[in-house]
Amino acid sequence: MSAASRSESTRNGPEDRPLRYRLITGVDDAAFCERISGLLDRGYLLHGSPAVTFNGTDVIAAQALIWGGE
């Protein structure tokens with residue numbers, strides 16, 4: 001389990017509510033899509049279109065999400 005996953009899974013108090021806005025970036029691969037899908041499953045909504053760029057080796061994607069739950 002990654003550090004980000006651990007910190008998100010141990011949130012307890014009101015100060016630990018999900019972020020209202022998140023920008024997820026990374027290599028455009030299955031792992032990136034799984035990260036976005038997981039956040040959608042937890043109540044986030046896509047915010048705008050994805051952006052992509054090429055760094056000379058990989059396609060890098062960015063997707064904004066907003067909290068839509070509760």
Side-chain angles (χ1 to χ4, degrees):
M1 181 183 283
S2 71
S5 297
R6 278 193 304 274
S7 67
E8 290 173 7
S9 65
T10 59
R11 291 181 171 175
N12 296 321
E15 69 280 358
D16 293 325
R17 281 182 277 193
L19 298 171
R20 290 177 41 208
Y21 173 87
R22 295 185 70 169
L23 179 65
I24 307 302
T25 60
V27 174
D28 187 17
D29 59 7
F32 180 82
C33 294
E34 288 172 10
R35 282 181 71 195
I36 299 299
S37 294
L39 289 165
L40 293 171
D41 289 344
R42 291 198 336 247
Y44 281 90
L45 304 171
L46 297 177
H47 184 68
S49 299
V52 294
T53 190
F54 183 68
N55 69 2
T57 305
D58 299 302
V59 174
I60 305 299
Q63 177 63 60
L65 297 108
I66 57 173
W67 179 244
E70 300 175 18

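- Follow the hydrophobic side-chain contacts under 4.5 Å out from Phe54 and you never reach Ile60; the two are in separate clusters.
- Within the hydrophobic cluster formed by Ile, Leu, Val, Met, Phe, Trp and Tyr side chains joined at under 4.5 Å, directly or through other members, Ile66 is accompanied by Tyr21, Leu23, Leu45.
- Contact check for Val27 versus Val59: no side-chain heavy atoms found under the 4.5 Å cut-off.
- A distance of 11.0 Å separates CG in Asp28 from CD in Gln63, rounded to the nearest 0.5 Å.
- Listed here is the closest heavy atom pair of Gly26 and Phe32: N-CE1, 3.7 Å.
- Using a distance-only test at 3.5 Å, with no hydrogens or angles considered, a donor-acceptor pair links the side chain of Asn55 to the main chain of Thr57.
- For Leu40, the side chain to side chain contact (heavy atoms under 4.5 Å, CB included) partners at least two apart in sequence or on another chain are Ile36, Leu46, Leu65.
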